[in-house]
*Asks:* 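One structure follows; several queries about it will come next.
Numbers for residues simply follow the sequence, beginning at 1. Side chains included, hydrogens not; waters and symmetry mates left out as well; all remaining heavy atoms used.
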Amino acid sequence: MEVSPGDLGAWMTERGHRPYHARQVFRWVFERRAESFGGMSDVPMRLREELESAWTVFSTTVATHQVAPDGTDKLLLECSDGRRVECVLMAEQDRRTVCISTQVGCGMGCVFCASGLRGVERNLTRGEIVEQVVRLRNLLPPEERLTNLVVMGMGESLANLDNLIPALDWICSPGGLGMGQRRVTISTVGLPEKMRKLAAMDRSYNLAVSLHAPTEALRDRLVPINAKVGLRAVVDAADEYFRRSGRRVTFEYVMLGGINDGLAEARELADLLEAKKAHANLIPYNPVPGLPFERPTAEAVRRFEGVLKARRLSVSVRKTKGREIDAACGQLRRRSEDGREVAMGRSTARVGSSPDS
Ligand code: SF4
């Protein structure tokens, strides 16, 4: 997955093979779910052997596969350099949604998030992003297809725009999985410059902006990058994304018990979003062991939602999937790495927190 069909075709040509075999190889991977070259029966045997000795279909390996009682699958993938990323497959009625990561760790430092506890280590490559989707798709029964893709796992998506967009474009192309761009949602903490760059790319991907607070002061506390970019600039860039793409922007709001889930915050959020063609998605916090934030009460969520609805805003409350398997972003990786570090005789106690992404 680290090479494009064009690059693989050039490699084949150098060795005296017809370059069109590259398209066959990728068809096997994307359409027929092949995970090795051996069974690609319409590719010449000699070429298959050369492929086996020079390449692997996937550059990652599956370090952990957890399945929650509700059917949610979570994979922890190990990259060729030993770093680990996580991705999730959720099944709901007729939807099959994958949630993927874009970075190892995250540099945004949201105070409630497990992914940001150790900062960012590196961007994922285009191939590592595509592989998460293909590996999760391969868990589905043969008759099922992925219906939705959300880029809401570890990392700040737009900080890795240069690899993310080619990866998504490949997934959405007829030579990839052929997903519709409108079935893909890119989540961002809100980097105005990158949001404008994405808007200028003329794609139809949906944008979800992680707001988490309706005022500059509260957002500065919860989302430290806000002190540099400012809530107003984030909302303005979201407006521009809507103007240019025609796609309604979703504003994500992780509800932290007793911190941003009161009626005052609900009214301030309504003021901020009023008159916009936008959607608010409320996400009751999924507690992370060791982090000092709590899930809001069901009553607090209901009242908060009620305020937004009374102002005629489009609003939903996200259902939590896979709580039993560390489905808050960064938890599975953190637990895995804590295990490795404990085994090496080091203590890893930390304080921070995580949204339910
Ligand atoms: S919530 Fe998202 S942007 Fe914030 S630290 Fe976690 S992964 Fe990064």
*Asks:* Does some side-chain heavy atom of Val209 sit less than 4.5 Å from a side-chain heavy atom of Val234?
*Replies:*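 Result yes, sub-4.5 Å side-chain heavy-atom pair found.
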*Asks:* Please report the C-alpha distance between Met40 and Trp28 in whole Å, then the side-chain angles of each, then the deciding distance to 0.1 Å, and finally whether the side chain to side chain contact (heavy atoms under 4.5 Å, CB included) criterion is met.
*Replies:* CA-CA 7 Å; Met40 299 181 177; Trp28 273 99; 3.6 Å; yes
*Asks:* How about Glu193: does its CD atom have over 12 heavy atoms from other parts shown lying under 6.0 Å from it?
*Replies:*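 Counting neighbours around CD of Glu193, 12 or fewer heavy atoms of other residues, nucleotides or ligands fall under 6.0 Å, so no.
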*Asks:* How far does CG of Asp169 sit from CE of Met201, to the nearest 0.5 angstrom?
*Replies:*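 With rounding to 0.5 Å, CG (Asp169) is 8.5 Å from CE (Met201).
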*Asks:* Please report the interatomic distance CG(Leu75) to CZ(Arg135), rounded to the nearest 0.5 Å.
*Replies:*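 CZ of Arg135 is found 8.0 Å from CG of Leu75.
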*Asks:* As an exercise, state the distance from CZ of Arg46 to CZ of Arg15, rounded to the nearest 0.5 Å.
*Replies:*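 Separation between the atoms: 11.0 Å.
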*Asks:* Please examine the side chains of Leu273 and Val235, heavy atoms only from C-beta on, and report whether any two atoms are closer than 4.5 Å.
*Replies:*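 The answer is no, as the side chains (C-beta and beyond) never meet within the 4.5 Å cut-off.
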*Asks:* Nearest heavy-atom pair of Val111 and Phe293: which atoms, and what distance?
*Replies:*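 Looks like O-CE1, 3.5 Å.
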*Asks:* Are Lys309 and Glu305 ion-paired here, with the side-chain N under 4.0 Å from a carboxylate O?
*Replies:*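 Glu305 and Lys309: salt-bridged.
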*Asks:* State which residues pass side-chain hydrogen bond (donor to acceptor under 3.5 Å, both in side chains) with Asn226; sequence neighbours excluded, sorted by chain then number.
*Replies:*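 Counting only residues at least two positions away or on another chain, Asn226 forms a side-chain hydrogen bond (donor to acceptor under 3.5 Å, both in side chains) with Glu216, Arg219, Asp220.
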*Asks:* Work out which heavy atom in Cys172 is nearest to a heavy atom in Val184; give both atom names and the distance.
*Replies:*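 Heavy atoms of Cys172 and Val184 come nearest at SG-CG2, 3.9 Å.
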*Asks:* Please report the shortest heavy-atom distance between Met195 and Ala238, naming the atom on each side.
*Replies:*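 Closest heavy-atom pair between Met195 and Ala238: CE-N, 3.5 Å.
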*Asks:* Does a sphere of radius 6.0 Å around CD in Gln93 hold more than 12 heavy atoms from other residues, nucleotides or ligands, not counting ones at 6.0 Å or beyond?
*Replies:*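 No.
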*Asks:* So, for Asn206 and Arg182, which heavy atoms are closest and what is the spacing to 0.1 Å?
*Replies:*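 Result for this residue pair: ND2-O, 2.8 Å.
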*Asks:* Using a 6.0 Å distance limit plus a 45 degree cone around the ring axis, check whether Arg247 lies over the aromatic ring of Phe242.
*Replies:*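 Judged by the rule, Arg247 and Phe242 form no cation-pi pair.
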*Asks:* Quick one: are Val88 and Val98 in side-chain contact, heavy atoms under 4.5 Å?
*Replies:*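 They are not in side-chain contact.
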*Asks:* Under the criterion side chain to side chain contact (heavy atoms under 4.5 Å, CB included), which of Thr188, Val120, Val223, Leu191 is the partner of Met108?
*Replies:*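 Filter result, single survivor: Leu191.
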*Asks:* Less than 4.5 Å apart, any side-chain heavy atom of Glu131 and any of Glu128?
*Replies:*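 A side-chain contact under 4.5 Å is absent here.
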*Asks:* If you look at every heavy atom in Glu86 and Lys74, which pair is closest and at what distance?
*Replies:*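 Reported closest heavy-atom pair: OE2-NZ, 3.1 Å.
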*Asks:* Salt bridge between Arg302 and Glu299, side-chain N to carboxylate O under 4.0 Å?
*Replies:*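 Result for this pair is yes, salt bridge flagged.
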*Asks:* Anything under 3.5 Å between a donor and an acceptor, one on a side chain of residues 147-154, the other on a protein residue two or more places apart or in another chain? List them.
*Replies:*
unit_1	atom_1	unit_2	atom_2	d
Thr147	OG1	Arg96	N	2.8
Thr147	OG1	Arg96	O	3.2

*Asks:* Start with the C-alpha distance between Glu2 and Thr125, add both sets of side-chain angles, then the distance that settles side-chain hydrogen bond (donor to acceptor under 3.5 Å, both in side chains), and finish with yes or no.
*Replies:* CA-CA 8 Å; Glu2 292 299 336; Thr125 64; 2.8 Å; yes
*Asks:* Please tell me if the side chains of Cys79 and Arg84 come closer than 4.5 Å, counting only heavy atoms from C-beta onward.
*Replies:*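 Cys79 does not reach Arg84 side chain to side chain.
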*Asks:* Could you please spell out the steps behind the side-chain hydrogen bond (donor to acceptor under 3.5 Å, both in side chains) verdict for Asn281 and Thr250?
*Replies:* CA-CA 7 Å; Asn281 188 25; Thr250 295; over 6 Å; no
*Asks:* Determine whether Arg244 and Asp239 make a side-chain contact, defined as any pair of heavy atoms from C-beta on separated by less than 4.5 Å.
*Replies:*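 Contact flag for Arg244/Asp239 side chains = no.
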*Asks:* Using side-chain contact (heavy atoms from CB on, under 4.5 Å) as the criterion, list what pairs up with Asp7, not counting sequence neighbours.
*Replies:*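 If we apply the side-chain contact (heavy atoms from CB on, under 4.5 Å) test to Asp7, skipping adjacent residues, the hits are Val3, Ser4.
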*Asks:* In Å and rounded to the nearest 0.5 Å, what is the CG to CD1 distance from Leu222 to Ile259?
*Replies:*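 One gets 6.5 Å once the value is rounded to the nearest 0.5 Å.
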*Asks:* Is any side-chain heavy atom of Phe251 closer than 4.5 Å to a side-chain heavy atom of Leu272?
*Replies:*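 The answer is no, as the side chains (C-beta and beyond) never meet within the 4.5 Å cut-off.
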*Asks:* Closest approach of Asn260 and Phe304, non-hydrogen atoms and distance?
*Replies:*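 Nearest heavy atoms, Asn260 then Phe304: O-CE1, 3.4 Å.
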*Asks:* Please assess Arg318 against Glu252 for the test salt bridge (charged side-chain N to carboxylate O under 4.0 Å, His left out), listing each intermediate value before the final yes or no.
*Replies:* CA-CA 10 Å; Arg318 188 187 296 175; Glu252 307 278 353; 3.1 Å; yes
*Asks:* Keeping to residues at least two apart or across chains, list the side chain to side chain donor-acceptor pair (under 3.5 Å) pairs with something in residues 98-112.
*Replies:*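 Listed by first then second residue: Gln103-Asn123.
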*Asks:* Kindly indicate, with the supporting measurements, whether the criterion side-chain hydrogen bond (donor to acceptor under 3.5 Å, both in side chains) is fulfilled by Arg18 and Thr13.
*Replies:* CA-CA 6 Å; Arg18 300 276 174 81; Thr13 304; over 6 Å; no
*Asks:* Checking ring-ring contact (aromatic ring centres under 6.0 Å, His included) against Phe26, which of Tyr20, Trp170, Phe37 comes through?
*Replies:*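 That would be Trp170; it is the only one of Tyr20, Trp170, Phe37 passing the ring-ring contact (aromatic ring centres under 6.0 Å, His included) with Phe26.
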*Asks:* Can you pull out every ring-ring contact (aromatic ring centres under 6.0 Å, His included) where at least one residue sits in residues 114-153? Sequence neighbours excluded, please.
*Replies:*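 Found none.
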*Asks:* Do Asp236 and Pro192 come close enough that some side-chain heavy atom pair is under 4.5 Å?
*Replies:*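 Result no, sub-4.5 Å side-chain heavy-atom pair not found.
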*Asks:* Nearest 0.5 Å, what's the CE-CD distance between Met12 and Glu50?
*Replies:*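 Answer rounded to 0.5 Å: 9.5 Å.
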*Asks:* Can you measure from OG (Ser157) to CG (Leu207) and round to the nearest 0.5 angstrom?
*Replies:*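 Answer for the OG-CG pair, Ser157 versus Leu207, is 9.0 Å.
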*Asks:* Can you list every salt bridge (Lys or Arg N to Asp or Glu O under 4.0 Å) pair that touches residues 27-42, not counting sequence neighbours?
*Replies:*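 Listed by first then second residue: nothing to list.
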